[in-house]
2 protein chains.
Amino acid sequence: MPKPGGRDGTETMVKRTSFAGDTCPIARSLEAIGDWWSLLIIREALFGLRRFGEFQNKLGMAKNILAVRLRSLVDHGILATAPASDGSAYQEYVLTPKGRGVFPILVALRQWSEEFDDNPEEIATVLVDRDKGRPVRKLELRAEDGRVLNMADTTLKPRPAPRRRSAG
Amino acid sequence: MPKPGGRDGTETMVKRTSFAGDTCPIARSLEAIGDWWSLLIIREALFGLRRFGEFQNKLGMAKNILAVRLRSLVDHGILATAPASDGSAYQEYVLTPKGRGVFPILVALRQWSEEFDDNPEEIATVLVDRDKGRPVRKLELRAEDGRVLNMADTTLKPRPAPRRRSAG
DNA sequence: GCAAATGGTTTTATAATGCAACCACACGAG
DNA sequence: CTCGTGTGGTTGCATTATAAAACCATTTGC
């Protein structure tokens, strides 16, 4: 069975496609956090988990997969390693500002489930305002002037060319 | 996509983990749209793409993968098939309300890239208010009374028990 | 009817995932 | 120091998902 370009040294790179160089910001996000586990790890990190064992225990995922994901998240600047806060020689994984910035994405995912899931009664938790203990509103997208926008009120424009600073 | 089930006793050596029965709404969302291509397909659908060939051409993905994804999205009620709008015998894939409800998730992903990407100058487009042509604000999370909340202002509570209708 | 386009499926190869076993190091007790 | 245990991984191997390309059935244009 001759396969195209097989044994002659020309390896066919059948890779999982990468969006790293894509100009679409959504694709670029997915490049960093667009897999099953990464967002769940970040979710747990937002909850305060820090140790390898904590993530592994809470998420019930294979240790090798967790290790790969943690490395990837560190590489992407979403997590950072730090010496353990309890004085031991172990290390911890803590969210960077970039990692904490994922919060709105998680809220959007949560609210989508709350609104459209076929069995919403199976959802165990509600995101509430800490002060009042009342559920939060749906995320709002607003114009510069404050008007609430829905999808039809928006459009995409090419990014304006970067303004060059005059010989700073 | 991972096989559904796994919680209902019909479990047959489930390999790739499924979050279908998870009580976390984020996991439930990821079950439906938590893979590389689904969100990009939805993005293109929001832009108006409808035909198999349009998706395949625009996203540059393998046809078999596209076919699997489209089927999955239809199964999840995110897309629906419809007779072609141009009168031909072909079919089209159109977003359901549930599919259009993904919009805020895409906005959140976009804004995360805009804020934290290492090379934001590579991002080609800006989401703007259609009326004014001005960039939109960051998504805002608000309390019931209108206060803008950040992550620290929120917490999770168990979902209140469903109110039972007074029988009869 | 025939060629080309459309919308897939099948085949085959590679990469990712998952489980279990293994291993290095830290730490505590003796 | 040595043993035993917990933590934090890595390594093999089997299974699954993804990918490219070939193939195929309809539909459309002519």
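Since we're looking at a predicted model, the values are computed, not measured.
Evaluation of the side chain to side chain donor-acceptor pair (under 3.5 Å) rule for B/Glu92 yields B/Arg50, B/Ser85 as partners, not counting sequence neighbours. Under the rule for a side chain to side chain contact (heavy atoms under 4.5 Å, CB included), the partners of A/Gln91 that lie at least two apart in sequence or sit in another chain are A/Thr81, A/Tyr93. Here A/Arg130 pairs with nothing under the side chain to side chain donor-acceptor pair (under 3.5 Å) rule; sequence neighbours left out. B/Arg147 meets the side chain to side chain donor-acceptor pair (under 3.5 Å) test with A/Asp129, B/Asp145; sequence neighbours excluded. Residues passing the side chain to side chain donor-acceptor pair (under 3.5 Å) test with A/Arg142 are A/Glu140, B/Glu140, sequence neighbours excluded. Listed by chain and number, the residues in a salt bridge (Lys or Arg N to Asp or Glu O under 4.0 Å) with A/Glu114 are A/Arg110 (sequence neighbours excluded).
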Side-chain polar contacts of residues 149-157 of chain A - donor-acceptor pairs under 3.5 angstrom, sequence neighbours left out - could you list them?
unit_1: A/Asn150; atom_1: OD1; unit_2: A/Ala152; atom_2: N; d: 3.2
unit_1: A/Asn150; atom_1: OD1; unit_2: A/Asp153; atom_2: N; d: 3.4
unit_1: A/Asp153; atom_1: OD2; unit_2: A/Asn150; atom_2: N; d: 3.0
unit_1: A/Thr154; atom_1: OG1; unit_2: A/Met151; atom_2: O; d: 2.8
unit_1: A/Lys157; atom_1: NZ; unit_2: B/Gly133; atom_2: O; d: 3.2

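Using a 4.5 Å cut-off between side-chain heavy atoms of Ile, Leu, Val, Met, Phe, Trp and Tyr, A/Val126 falls into a hydrophobic cluster with A/Val128.
When rounded to the nearest whole Å, the span between CZ of B/Arg69 and C1' of D/dA19 equals 12 Å. The interatomic distance linking A/Trp36 (CH2) with D/dT16 (P) rounds to 14 Å, in whole Å. The distance from atom CD of A/Glu92 to atom P of D/dG9 is 12 Å, rounded to the nearest whole Å. Atom CZ in B/Arg71 sits roughly 15 Å away from atom P in C/dG7 (whole-Å rounding). Regarding A/Leu70, its CG atom lies at a distance of 7 Å from the P atom of D/dG9, rounded to whole Å. The distance from atom CD of B/Gln91 to atom C1' of C/dG8 is 10 Å, rounded to the nearest whole Å. Whole-Å rounding puts the B/Asp86 CG to D/dG29 C1' distance at 14 Å. Atom CD in A/Glu31 sits about 11 Å away from atom P in C/dA16, given to the nearest Å.
The C1' atoms of five pairs define one axis at each end of the helix from C/dG1-D/dC30 to C/dG30-D/dC1, and these two axes lie 30° apart (to 10°).
A salt bridge does not link A/Arg159 to B/Glu121: none of the charged side-chain nitrogens sits closer than 4.0 Å to a carboxylate oxygen. Ion pairing of A/Asp86 with A/Arg51 is present here, as a side-chain N (NZ or NE/NH1/NH2) and a carboxylate O approach within less than 4.0 Å.
At a non-hydrogen distance threshold of 4.0 Å, B/Ala62, B/Asn64, B/Ile65 from residues 41-66 of chain B come into contact with DNA chain D.
Within the structure, side chain to side chain donor-acceptor pair (under 3.5 Å) contacts touching residues 58-70 of chain A (residues at least two apart or in different chains) are A/Asp35-A/Arg69, A/Glu44-A/Lys58.
Of the candidate nucleotides C/dC27, D/dG9, D/dA19, C/dC27 has the atom lying nearest to any side-chain atom of A/Ala89.
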Identify all pairs in which a protein N or O lies below 3.5 Å from an N or O of nucleotides 1-6 of chain D, and state each distance.
unit_1: D/dG6; atom_1: N2; unit_2: A/Tyr90; atom_2: OH; d: 3.0

